[in-house]
Amino acid sequence: MKIFLLALTATALGAMGCTTNETINLTQEPTQQYAVENTQENTQENTMITMKIGNTDFSAVLYDNVTTQELVKQFPATYTMSELHGNEKYYDMPTSLPTNSERPATINKGDIMLYGNNCIVVFYDTFPNSYSYTKLGYIEDTTELEEAVGKGSIDVYFELK
């Protein structure tokens with residue numbers, strides 16, 4: 001019985017460690033390590049796209065995978081993306097896409113991902129992550145991204161370069 005209570009206590013303490021209120025400063029731009037990871041992940045031919053948000057055009061790289069191959073078949077397209085958590089915009093597509101999800105430890109400002117099999121997500125902040133996504137690509141220069149997305153819903157126009 002003592003072993004059971006000890007194990008239960010250890011589990012509870014471990015779970016509490018995952019819910020700390022400690023603030024983590026991840027507001028810096030993606031690091032060189034992130035750029036290296038992106039480069040290493042992109043060993044094949046990537047697809048360049050333009051994302052137009054308001055009056056600002058952003059160049060983005062889509063990874064060469066089955067998910068992006070299916071996604072670009074729908075371009076050009078305008079998606080009305082909703083706000084979520086003050087760090088991302090999302091759009092629930094009417095059709096499903098193939099997935100290959102993984103759980104990145106950190107979401108980087110400018111990441112473009114698929115949540116589930118139909119939810120396109122554009123992240124405009126960097127933060128620790130506990131969800132699984134299929135990586136689609138990233139925005140090359142995120143300097144004006146947060147200002148462009150603003151608050152609330154936005155229309156984002158996607159097209160191949």
Side-chain angles (χ1 to χ4, degrees), residues 18 23-161:
C18 295
T23 303
I24 299 173
N25 183 7
L26 292 173
T27 57
Q28 299 171 342
E29 293 299 313
T31 63
Q32 184 176 0
Q33 177 185 356
Y34 173 63
V36 170
E37 289 171 0
N38 278 338
T39 304
Q40 290 171 346
E41 185 167 341
N42 301 321
T43 56
Q44 298 180 1
E45 188 68 29
N46 295 314
T47 302
M48 298 300 297
I49 65 168
T50 298
M51 295 172 53
K52 185 173 185 79
I53 303 173
N55 295 324
T56 308
D57 288 345
F58 294 92
S59 291
V61 175
L62 294 183
Y63 303 126
D64 183 17
N65 60 45
V66 294
T67 309
T68 59
Q69 291 165 9
E70 289 301 311
L71 177 64
V72 298
K73 290 178 183 178
Q74 301 178 32
F75 292 174
T78 300
Y79 302 140
T80 300
M81 303 187 83
S82 301
E83 173 66 36
L84 187 63
H85 303 304
N87 58 20
E88 65 188 78
K89 301 292 184 180
Y90 73 94
Y91 172 73
D92 288 318
M93 300 182 63
T95 59
S96 297
L97 295 171
T99 64
N100 184 16
S101 63
E102 57 188 76
R103 187 179 326 168
T106 301
I107 299 290
N108 291 289
K109 182 179 187 178
D111 281 347
I112 306 166
M113 299 197 192
L114 182 71
Y115 179 74
N117 63 5
N118 73 328
C119 186
I120 303 288
V121 184
V122 176
F123 294 94
Y124 61 90
D125 199 3
T126 299
F127 58 93
N129 174 56
S130 61
Y131 295 97
S132 293
Y133 297 93
T134 299
K135 293 182 178 183
L136 301 178
Y138 60 96
I139 296 171
E140 291 185 302
D141 181 0
T142 61
T143 305
E144 299 177 29
L145 182 60
E146 192 169 355
E147 181 181 330
V149 298
K151 299 183 188 294
S153 296
I154 58 166
D155 288 334
V156 180
Y157 177 73
F158 292 83
E159 69 178 348
L160 292 170
K161 278 194 170 185

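Along the sequence shown, the residues carry numbers beginning at 1.
- F127 and D125 make their closest contact through CD2-O, 3.6 Å (heavy atoms, listed as atom of the first residue, atom of the second, distance).
- Atoms CD and OG1, from E147 and T142 in turn, are 12.5 Å apart once rounded to the nearest 0.5 Å.
- We find the OH-OG distance between Y131 and S101 to be 14.5 Å, quoted to the nearest 0.5 Å.
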Worksheet item: Taking it one step at a time, do T126 and N108 satisfy side-chain contact (heavy atoms from CB on, under 4.5 Å)?
Response: CA-CA 4 Å; T126 299; N108 291 289; 3.8 Å; yes
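- Of all heavy-atom pairs spanning S130 and R103, the tightest one is O-CD, 3.4 Å.
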Worksheet item: What do the steps show when you test I139 against L145 for side-chain contact (heavy atoms from CB on, under 4.5 Å), and what is the final call?
Response: CA-CA 9 Å; I139 296 171; L145 182 60; 3.9 Å; yes
Worksheet entry | Derivation of the side-chain contact (heavy atoms from CB on, under 4.5 Å) call for Q69 and D64 | CA-CA 7 Å; Q69 291 165 9; D64 183 17; 2.8 Å; yes
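- When all heavy atoms of P98 and T67 are compared, the pair lying nearest together is O-OG1, 2.7 Å.
- Shown here is K151, whose NZ atom has no more than 12 heavy atoms of other residues, nucleotides or ligands within 6.0 Å.
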Worksheet item: After noting the C-alpha distance and the side-chain angles of Y138 and F123, does the key distance pass the ring pair (Phe, Tyr, Trp, His ring centres under 6.0 Å) rule?
Response: CA-CA 9 Å; Y138 60 96; F123 294 94; over 10 Å; no
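- With contacts defined as side-chain heavy-atom distances shorter than 4.5 Å, the pair T78/V156 does not qualify.
- Looking at I53 and V149, their side chains come closer than 4.5 Å, going by heavy atoms from C-beta outward.
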Fill in: Audit row: K161, S59, side-chain contact (heavy atoms from CB on, under 4.5 Å) steps and yes/no
CA-CA 9 Å; K161 278 194 170 185; S59 291; 2.4 Å; yes
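- Partners of Y91 by ring pair (Phe, Tyr, Trp, His ring centres under 6.0 Å), not counting sequence neighbours, listed by chain and number: Y79.
- When the side chain to side chain donor-acceptor pair (under 3.5 Å) test is applied to T50, no partner is found at least two apart in sequence or on another chain.
- The nearest pair of heavy atoms linking D111 to M113 is OD2-CE, 3.4 Å.
- The closest side-chain heavy-atom distance from D141 to F58 is not below 4.5 Å.
- Within 6.0 Å of CZ on F75 lie more than 12 heavy atoms contributed by other residues, nucleotides or ligands.
- Between the side chains of Y124 and E83, at least one donor N or O sits under 3.5 Å from an acceptor N or O.
- S82 and K89 share no side-chain donor-acceptor pair at under 3.5 Å.
- Annotation: N100, atom CG; neighbour count of heavy atoms from other residues, nucleotides and ligands within 6.0 Å does not exceed 12.
- From C119, atom SG reaches atom CE of M81 across 7.5 Å, with rounding to the nearest 0.5 Å.
- Between atom NZ of residue K73 and atom OG1 of residue T68 there is a gap of 10.5 Å, rounded to the nearest 0.5 Å.
- Two residues are said to be in side-chain contact when any heavy atoms from C-beta on lie closer than 4.5 Å; T95 and E70 fail this criterion.
- A salt bridge links K52 with D57: at least one charged nitrogen is closer than 4.0 Å to a carboxylate oxygen.
- Expressed to the nearest 0.5 Å, how far NZ of K109 lies from OG1 of T143 amounts to 7.0 Å.
- Annotation for E159: atom CD counts as buried by contact number, over 12 foreign heavy atoms lying within 6.0 Å.
- Side-chain contact between T47 and L160 is present, with heavy atoms from C-beta onward closer than 4.5 Å.
- For the atom pair I154 CD1 and T80 OG1, the distance stands at 9.0 Å (nearest 0.5 Å).
- Scanning all heavy atoms of the two residues, the minimum distance from P76 to Y157 falls at CB-OH, 3.1 Å.
- No side-chain heavy atom of E88 sits less than 4.5 Å from a side-chain heavy atom of V122.
- At a threshold of 4.5 Å between non-hydrogen side-chain atoms, the residues I120 and L114 count as touching.
- Checking N118, N65, T134 one by one against T99, the side-chain contact (heavy atoms from CB on, under 4.5 Å) holds for a single residue, T134.
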